[in-house]
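The structure appears below as structure tokens.
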Amino acid sequence: MKRCDLHIHTVPSVSDRMFTYDKDVLLDYVAKTELDVIAITNHNLFDYAQYQEIKDTLTQIVVLPGIEVDLENGHILVIANNDDGTLFDFNSKCEEVKNLIKTKDDDISYDTFIRIFGDLSKYLLIPHYEKEPKLHKDTIEKLGRNIIAGEVSSVKKFIYMEKEDTELTPVYFSDFRIEKGVTPDKYPVSHTFFDVDQVNVNTLKLCLIDKTKVSLTSEKGIKLFQIFPNGQMLSTGLNIMFGKRSTGKTHTLNAIASRFEGKAKYIKQFELLNTSRSDSEQFENDLKVRQENSAEDYLREFSVIVTDILKTCSADEDEMKLQKYLEAVMSSAQQSDVNDVFSKSKLFNESDFKELSFDEIKKLINATLTLLESQLYKSLVNKHLPEASLKSLLKELIEQCRKDNVANLYFKEVNNIIKMVKESLQLKSAAPRIPNIDLYQYFINKKKREIFAQVAIAIKKNRTISTEKAGHFTISVSARPFANATDLKTVGLKQVSLINAFAEYGNPIQYLDELKAAGVESNRIYKLFAAIDYRILNSSGLPVSGGERSEFNFLQKIKDAILCDILIIDEPESSFDNLFLKNEVNKFIKEMAENMPVIISTHNNTIGGSIKPDYILYTEKKIEADGVHFNIYSGYPTAQTLRDVKGNTIENYEITLNSLEAGEQAYSERKDIYETLKN
């Protein structure tokens, strides 16, 4: 197994941050991390002279030439063979890329990429896949069989891609800037092991075709990864850490968290004990935020209807326009005897041309774009709607949109002319003019108000929106009518009087008008039609107590860790009882460990033993002449001995018994007590 880091930077560029290259740091990094293969992949450039110097210096390992290219808003590594013939050609191609990328916002198109590099089968292409900035899947699909691996940004994402048959083979590299002043304790350990003998582009590609030949460790199939530069390993699953008090457990957890640069979910000791007023207030604030989010989800579609009805003329305005129109028609009929040459002109009572609406055609354009841009269901869409046909449809829709826009410009101009003529004729005639009215729009508005009233009444009916189980807790979200004007204040409108508005709560149209009159902001009105209750209930169906709040928060924090790259928990038994840990926490933690690394520090057998970890670590403090040292022994739970990075060993049975049971004698005494109680 060859340890590889195929993503190393040695030269800053316009696309990268500034740093000062240090050859000694590179030599030390390669030696201390025991790398077998590296690739120099500077951002949008290849420094031929520097590469040759590095290659000639690091003769004991393979150094491959490469470049990280900004391609269509994403990044891709292009790695070549290191023979002289290939290097000369590769250097000239990279020079073209460099000349095209002048600022940090520049990138090159797919067609330009193909033109520059030509036959892509000569290179190892590795896009940013589960790593920002990702190369768009459209571009990856166009590159076709040339893409067999994708770079990830964490162990968690490596595990996911490794498990999924439909995903590319994952690779995990450092993206390290070889920078002056970097100390060995800061060296990255983001490396991938390849099961190859001879190293070149072709052998690496053959290896990547088979996921079983790619690993995070030197041993195939062993689910471990390196966490510290000294060689310390962790399981990609569940890790349990033992150790006496003040032996470096928290120190080690802090060091692990720092390696993940803000992407670790770290639940510290005693963090979740709600013993103060501020903790209770924080729980209520969190509850309020969840309630607001639930209300937003439930009322999202209704908010669109409210926005539309607010833009629609009120019933009074429409009725006033209609009344004026009818009165003018009757007056015109009654005064027909005063019609003159001006009032008899065709333009005297001419209606305006109605401008075309773009709503429908914009929906069609967006729908067509959605079908074209779909990746997950692309093959299914194209089975019934060929891509060429969709593109042709999109083109015609856009052309029609442009034609309609031109037509509207004509309508506006003609309407202006009609208006001027009508005003001139009116000045010269004694006959009354019939005002414009859009009767079609009148009836549309009337129907809108009717439907709005029906929806507004339906939205506030008592109903359960959702229920979700979280351990022995139930999260219940429900809708109901507001009870009174004070209840309306829970939405956050403290400075507005809503007593008059609530008097019309049963009549949606009048209620809407009263809310506007009360000064409620238009973008908040929709929230005042239905109350949304977000409740956390215990196993008895009652609101949670203070202690139960801590338990609920703990479970939620564990679940929230799915958004991070590692979950770290420091002595959960300090805050919770054994039954809760065994019956609920253990289950949640095991589920999380199936998808990401988890490490727990504990003295508790319920966590330490019953949870059945994948890997165990034992911390030990030693005071030597040069100061305090924290040592870590680690291994599999079934191993007879645990081993530190220097090869020293310790008996697994002894340290586990001492850590979890206070020693063999205490363990035996407790067993006797339990047997006596049982009998």
Are [X] and [Y] side-chain neighbours, meaning at least one heavy-atom pair lies under 4.5 Å?
| X | Y | result |
| --- | --- | --- |
| T649 | Y633 | no |
| P229 | R259 | yes |
| Y172 | L216 | yes |
| D195 | V214 | no |
| N595 | Y160 | no |
| I148 | T169 | no |
| K621 | V628 | yes |
| P127 | I147 | yes |

I would like to know whether D111 and S109 meet side-chain hydrogen bond (donor to acceptor under 3.5 Å, both in side chains); could you show each step before the answer? CA-CA 5 Å; D111 292 334; S109 68; 5.3 Å; no
Who pairs with K98 by side chain to side chain contact (heavy atoms under 4.5 Å, CB included), at least two apart in sequence or on another chain?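 Applying side chain to side chain contact (heavy atoms under 4.5 Å, CB included) to K98 gives L45, E95.
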Quick one: ring pair (Phe, Tyr, Trp, His ring centres under 6.0 Å) partners of F194, sequence neighbours excluded? none
Is the backbone N or O of [Y] less than 3.5 Å from a side-chain atom of [X], with the two atoms forming a donor-acceptor pair by type?
| X | Y | answer |
| --- | --- | --- |
| T247 | K244 | yes |
| Y110 | K142 | yes |
| K211 | M161 | yes |

Give a yes or no on whether a salt bridge exists between [X] and [Y], defined as a side-chain N under 4.0 angstrom from a carboxylate O.
| X | Y | answer |
| --- | --- | --- |
| R115 | E96 | yes |
| K93 | D89 | yes |
| D28 | K32 | yes |
| E591 | K587 | yes |
| K157 | E162 | no |
| K590 | E594 | no |

Is it true that the NZ or CZ of K268 lies under 6.0 Å from the centre of Y266's six-membered ring and within 45 degrees of the ring axis?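 Yes, K268 sits over the ring of Y266.
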Kindly determine whether T641 and N652 satisfy side-chain contact (heavy atoms from CB on, under 4.5 Å), including the steps that lead there. CA-CA 5 Å; T641 58; N652 190 356; 5.9 Å; no
When you compare the side chains of [X] and [Y], does any donor N or O come within less than 3.5 Å of an acceptor on the partner?
| X | Y | answer |
| --- | --- | --- |
| S13 | D16 | no |
| D210 | T212 | yes |
| T10 | N42 | yes |

Dump the intermediate steps for side-chain hydrogen bond (donor to acceptor under 3.5 Å, both in side chains) on T183 and D185, then the final yes or no. CA-CA 6 Å; T183 54; D185 61 305; 2.5 Å; yes
So, taking the atom named [atom1] in [X] and the one named [atom2] in [Y], what distance separates them when rounded to the nearest 0.5 Å?
| X | Y | atom1 | atom2 | result |
| --- | --- | --- | --- | --- |
| R643 | I650 | CZ | CD1 | 12.5 Å |
| I126 | Y129 | CD1 | OH | 14.0 Å |
| T41 | D175 | OG1 | CG | 7.0 Å |

Would you say [X] has more than 12 foreign heavy atoms packed within less than 6.0 Å of its [atom1]?
| X | atom1 | value |
| --- | --- | --- |
| K186 | NZ | no |
| E34 | CD | no |
| Q60 | CD | yes |

Please state whether the rings of H128 and H7 are parallel, tilted or perpendicular, taking 30° and 60° as the class boundaries.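 H128 and H7: tilted rings.
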Return each pair, listed once, that meets ring-ring contact (aromatic ring centres under 6.0 Å, His included) where at least one residue sits in residues 26-60; pairs must be two or more places apart or across chains.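 Counting only pairs at least two positions apart or across chains, the ring-ring contact (aromatic ring centres under 6.0 Å, His included) contacts touching residues 26-60 are Y29-F176, Y29-Y187, Y29-H191, H43-H75, F46-Y51, F46-F90.
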